[in-house]
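Just below is one structure, and these are the notes that go with it.
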Amino acid sequence: RLYDETGREYLSYENIDESRSYGVEVSLHKTFYDYWSLDLNYTLSWADEIVDGDVANPLLWDRRHTSNATFAWQTGRLYYPRVFGSKALQGASIGILATVSSGLPNPDSWSDDPAVQATNPDDTGAVFLRVDARVAKSFWWDEVVITPFVTVDNIFDRQNPIEVGPEEYY
């Protein structure tokens, strides 16, 4: 048992395990006419716990499949539309990012037993979906660029399950 200076008991965790993460990602970028672009990518990855030098279990944060799609409108320092002759849209951008991923944890099959958790390492588990939006405007001062932005995460307020230990959080 450990105690702080006020006498309250607390826990201390020491990480003595090892893990590895690996995978591959494929990306596609397409620029369209008039400042529009589309970025697509797919990632296939694994995250494994290593015990005594052998792969024991997939880690609980493993997301086997992840796909992102970003649709954006962006202007630059020299190439931007003039609105009534002004530079108001110089360095402006707006984008939407959609992310879909699957993998562990599978909220429908939680078990406290690591052997049960690892019975199907290719289980796609729960599907996670998130859509974010970002608006930005860049300003140049000589060679310095300042870009204030506003990001709205999870704009549809979708609740994605996350398993941490035997409890499920949203």
Side-chain angles (χ1 to χ4, degrees), residues 10-13 15 17-49 58-108 110 121-170:
Y10 70 94
L11 296 174
S12 176
Y13 294 97
N15 186 0
D17 292 329
E18 295 179 42
S19 63
R20 70 174 180 190
S21 296
Y22 55 98
V24 64
E25 181 172 285
V26 178
S27 297
L28 172 70
H29 174 79
K30 174 67 177 162
T31 302
F32 300 101
Y33 184 70
D34 284 343
Y35 317 103
W36 293 99
S37 67
L38 176 66
D39 289 288
L40 303 172
N41 73 25
Y42 169 75
T43 304
L44 175 63
S45 63
W46 292 265
D48 299 319
E49 177 184 17
L59 292 171
L60 291 178
W61 48 265
D62 184 5
R63 295 286 181 265
R64 189 64 40 92
H65 308 277
T66 301
S67 294
N68 294 300
T70 304
F71 190 62
W73 183 86
Q74 181 174 0
T75 66
R77 183 174 190 176
L78 302 175
Y79 184 61
Y80 56 91
R82 291 354 184 237
V83 178
F84 303 112
S86 76
K87 295 182 177 183
L89 295 178
Q90 180 185 32
S93 67
I94 185 168
I96 300 290
L97 167 67
T99 301
V100 177
S101 61
S102 67
L104 298 173
N106 184 345
D108 298 326
W110 174 262
D122 291 323
D123 184 7
T124 57
V127 173
F128 296 78
L129 173 64
R130 177 177 165 152
V131 178
D132 303 332
R134 183 175 191 260
V135 177
K137 173 79 167 98
S138 294
F139 300 93
W140 288 266
W141 183 46
D142 291 327
E143 296 301 314
V144 176
V145 181
I146 298 171
T147 307
F149 62 90
V150 174
T151 300
V152 179
D153 293 327
N154 199 9
I155 61 176
F156 297 116
D157 197 27
R158 177 182 160 99
Q159 291 185 336
N160 291 307
I162 299 173
E163 294 249 359
V164 179
E167 299 176 15
E168 187 170 309
Y169 297 93
Y170 287 91

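Note that the coordinates shown come from a computational prediction; the quantities given were computed from them, not determined experimentally.
Taking both residues in full, the closest heavy atoms of S138 and T147 are given as OG-OG1, 2.9 Å, listed atom of the first, atom of the second, then distance. The two residues A133 and I96 have their closest heavy-atom pair at CB-CD1, 3.7 Å. Among all heavy-atom pairs drawn from R77 and Y80, the shortest one is O-CE2, 3.3 Å. Summarising the geometry of W140 relative to G91, their closest heavy-atom pair is CH2-CA, 3.6 Å, with the distance given to 0.1 Å. The heavy-atom pair separating F71 from L38 by the smallest distance is CD1-CD1, 4.2 Å. The two atoms that bring W73 and P81 nearest to each other are CZ2-CG, 4.0 Å, heavy atoms only.
For the pairing with T99, the side chain to side chain contact (heavy atoms under 4.5 Å, CB included) check across T70, D132, T66 returns one residue only, T66.
Remark: the backbone N or O of S45 is paired with a side-chain donor or acceptor of R64 at under 3.5 angstrom.
Summarising the geometry, atom CG belonging to D153 is positioned 9.5 Å from atom CG belonging to L97; distances are rounded to the nearest 0.5 Å. The distance from the CZ atom of F128 to the OG atom of S102 is 9.0 Å, given to the nearest 0.5 Å. To the nearest 0.5 angstrom, S93 atom OG is 6.0 Å from R134 atom CZ. Between Q74 atom CD and I94 atom CD1 the span is 12.0 Å, to the nearest 0.5 Å. The distance from the CG atom of N68 to the CG atom of N41 is 4.5 Å, given to the nearest 0.5 Å. A distance of 6.0 Å separates CD in Q90 from NZ in K137, rounded to the nearest 0.5 Å.
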Practice problem: Start with the C-alpha distance between L44 and H65, add both sets of side-chain angles, then the distance that settles side chain to side chain contact (heavy atoms under 4.5 Å, CB included), and finish with yes or no. | Solution: CA-CA 5 Å; L44 175 63; H65 308 277; 3.6 Å; yes

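Within the 4.5 Å cutoff, the side chain of Y42 has no heavy atoms near those of the E25 side chain. Y22 has its side chain out of reach of V24: every pair of non-hydrogen atoms, C-beta onward, lies at least 4.5 Å apart. Taking 4.5 Å as the limit, every side-chain heavy atom of W141 sits out of range of all side-chain heavy atoms of I146.
Relative orientation of the Y35 and Y79 rings is tilted, given thresholds of 30° and 60° on the angle between their planes.
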